[in-house]
Amino acid sequence: MAAIVRLSSVCRRGVKPLFYQRSLLVRPVVVQHKEHEQRPLLTARIHSSQALHGSGSKAASLHWTAERVLSVVLLALGPAAYFNPGPVMDYSLAAALVLHGHWGLGQVLTDYVHGETKVRIANVGLFVLSTVTFAGLCYFNYNDVGLCKAVALLWSK
């Protein structure tokens with residue numbers, strides 16, 4: 001059914017609408033009654049991340065919480081690394097940054113890579129990338145100046 005709604009009845013008294021034309025002030029509005037059957041909605045497949053340990057598990061919720069905790073820890077590690085540089089802070093930053101990147105890229109893969117074989121290949125590639133990145137940062141921390149002093153050297157020039 002259609003109903004007539006006057007735009008001017010919604011406006012405050014004394015305020016004129018922007019376009020004061022009669023055709024713009026009265027518009028039909030479609031209202032659906034409850035007794036009419038609703039049309040079936042179009043359905044689409046939504047790709048979501050798979051449950052880690054079954055559908056009744058709290059693993060996904062714990063993973064989400066761990067991601068948020070790691071993000072807050074990274075916010076705190078920045079100033080802490082500035083005021084207290086050292087090997088412990090260098091390795092903590094390396095681990096936290098690699099884990100944060102690994103989880104973030106894992107979500108990108110979950111959203112955009114489809115197909116069982118492609119997902120497996122992408123996950124193996126992500127694991128290799130994260131492992132090589134962590135090994136490289138640890139090598140840099142052990143054999144060079146470390147992450148904190150490297151960033152300080154970049155800022156000093």
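For clarity, every value in this text was computed on a predicted model and none was experimentally measured. When a residue number appears, it is its place in the shown sequence, counting from 1.
The minimum heavy-atom distance between Val88 and Ser92, with the atom names listed, is O-OG, 2.8 Å. Contact record, Ala150 with Val145: N-CG2, 3.8 Å, taken as the closest heavy-atom pair. Nearest approach of Cys148 to Leu93, heavy atoms of both residues: SG-CD1, 4.0 Å. The two residues Ala96 and Leu74 have their closest heavy-atom pair at CB-CD2, 3.7 Å.
Note: Leu77 CG to Leu147 CG = 11.0 Å, rounded to the nearest 0.5 Å. Atom OG1 of Thr65 is separated from atom CG of Leu70 by 12.5 Å, given to the nearest 0.5 angstrom. One distance of note links CG of Asp90 with NZ of Lys149; it measures 8.5 Å at 0.5 Å rounding.
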| said: Determine whether Tyr139 and Phe134 satisfy the following criterion, side chain to side chain contact (heavy atoms under 4.5 Å, CB included), listing intermediate values before the conclusion. | reply: CA-CA 8 Å; Tyr139 179 83; Phe134 183 68; over 6 Å; no
| field | Verdict with supporting geometry, Leu105 and Leu129, side chain to side chain contact (heavy atoms under 4.5 Å, CB included) | value | CA-CA 10 Å; Leu105 287 174; Leu129 176 68; 4.1 Å; yes
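Hydrophobic cluster membership differs between Leu99 and Val72, with clusters built from Ile, Leu, Val, Met, Phe, Trp and Tyr side chains linked at under 4.5 angstrom. The hydrophobic clustering, which links ILVMFWY residues whose side-chain heavy atoms are closer than 4.5 Å, places Trp103 and Leu62 apart. By the criterion of side-chain heavy atoms lying less than 4.5 angstrom apart, applied directly or through intervening Ile, Leu, Val, Met, Phe, Trp or Tyr residues, Tyr142 is not grouped with Phe140; the two fall into different hydrophobic clusters. Hydrophobic cluster membership differs between Val73 and Trp64, with clusters built from Ile, Leu, Val, Met, Phe, Trp and Tyr side chains linked at under 4.5 angstrom. With hydrophobic clusters built from ILVMFWY side chains whose heavy atoms lie under 4.5 angstrom apart, Val119 shares a cluster with Leu109.
Under the 30°/60° scheme for interplanar angles, the aromatic rings of Phe127 and His102 are found to stand perpendicular.
Looking only at side-chain heavy atoms (C-beta outward), His100 and Glu67 stay at 4.5 Å or farther from each other. In this structure, the side chains of Asn141 and Pro87 stay at 4.5 Å or more apart for every pair of heavy atoms.
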